[in-house]
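Counting convention: from 1, in listed order, for ligands and their atoms alike.
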Amino acid sequence: MKQENDIDAETEQLVEASWNPFDPDFLINPYPQYQLLRDQDPVHRTAFGNLVVTRFDDVFEVLRNPNTSVERDRAGIIEMPEHIKKLQESSMDRPPSILMLDPPEHTRLRKLVQRTFTPRGIEKMRHVTTELVDDLLDQLAEKREIDLIKDFSFVVPFVVIHSMLGLPDADMLNVREWSQTLVQTLEPNITPEQVDAAIWGGTQLNEYLTEALAWKRNTPGDDLLSDLIAVEEGGEGLTEQELISMISLLFVAGHETTVNLIGNGTHSLLNNPDQFKLVLNDPSIDSTIADELLRFDSPVQNSGRQLLEDMELSGIHVQAGEIVLTALGSANRDPRFWGDSAHLLDVKRQDAARHVSFGSGVHYCLGAALAKMEGEIAITRLIRRFPEIAITDEPTFNSRIILRGREKFPIDLGIPVNLN
Ligand code: HEM
């Protein structure tokens, strides 16, 4: 099996530092290119016209700088292709989610949702998640040969966020299809056909959530959706449309990212048998393992900002108005920050939690604690229940440069061990 750890050898084979999401090798393993970019061209101009920064310090600084924006072309200088304009016009009647809003609008809405997304609520989900994972593993034990993504990595976060929000039972495959078309809108290389699919998916999801909201108003419970409705009805400025944007973001972000943590994380461990053994035998690392897996192969590879003022990045002057992608996956492996072992998986790494896989600054991931809890439970229980787990065929990738992850991941679970 190809080891991603042979990073120097792989980087030596590359001739030019580039950031090219159309290159299949880059999608499968971007890390050798990241190394070349960090060393030779840390503020790189991509074929899309934007810049990408790959060093930890630059990524961190751009994400935390208040003179940057996540709103679409706030500086008003970008010439959008026709299909992107069509996408923007299609969502004009819906308020943007907090991910696409700057302060002070962002601060107002984030404060309201943060009040409902409490540590107590997340801790409550620990028990629910453990039961869900164990039941699922019982069912999968009978099949033995499974697709880790479809049968496990996707199901866990989907069911958890569904239950946390208190949504009615849904057709999981339909809803996943809609949300997959939507997350494609984050990708820089979205095609006109994908724009049409995203407009369709967005409409379907909107209708589903509008109906769910009406149902929840009549049958409130001890869940996140009821809490958000209470905020709205308390007259604190959350309108019905803002509520739908918020639920839609929580719902989609709640599973389309964590599926990659479980998929990429399990792959990293299977590819590093010494680390796999540590996880198998040493429960003392459970509370930190998710951070190292997040650092090593980030489920969200890039974020981005438009600069509202000029900035100095790696000694290079960058002008206001530039769109700067922040390569989170590269920052997480920058030896300037992590030292010489940056490219190695080390589940005992002391400072792994300093990764930027959840971003940084005001948009720092709202679901970080939830995602880590889910990743830890799903991966440790999977491995300890099935210590003989093995890859049966090389996984395929989802062709995404932002939410990069395995799409099909065939494995043989082997003989289960009784954990109780
Ligand atoms: C491993 C899983 C996850 C990863 C890697 C991840 C990553 C991220 C990143 C990088 C950002 C910041 C984007 C930026 O700065 O432009 C973000 C924001 C956000 N995430 Fe996550 N996320 C994960 C799971 C979740 C979950 C489970 C939820 C909710 C249930 C969630 C909800 C959000 C929300 C609401 C924001 C927007 C915060 C804001 O704009 O203030 N995420 N996430």
Side chain to side chain contact (heavy atoms under 4.5 Å, CB included) between F397 and R404, worked out = CA-CA 7 Å; F397 280 81; R404 171 183 170 273; 3.4 Å; yes

Pi-cation contact, W338 with R295 (under 6.0 Å, within 45°) | yes

Quick check, are the ring centers of F251 and F158 under 6.0 angstrom apart?
-> yes

Compile the protein residues with any heavy atom at a distance under 4.0 Å from an atom of ligand 1; present them by chain, then by number.
-> I98, L99, H106, R110, F117, I161, L249, L250, A253, G254, T257, T258, L261, L294, P299, V300, S303, R305, L328, S357, F358, G359, V362, H363, C365, L366, G367, L370, A371

In sequence, state the C-alpha distance, the side-chain angles, and the governing distance for D227 and R115, and then conclude on side chain to side chain contact (heavy atoms under 4.5 Å, CB included).
-> CA-CA 9 Å; D227 291 350; R115 270 196 351 221; over 6 Å; no

Tested for side-chain contact (heavy atoms from CB on, under 4.5 Å) against Q275, the lone hit among L345, I289, L293 is L345

Give a yes or no answer on whether the side chain of E71 reaches the backbone of D102 with a donor-acceptor pair at less than 3.5 Å.
-> yes

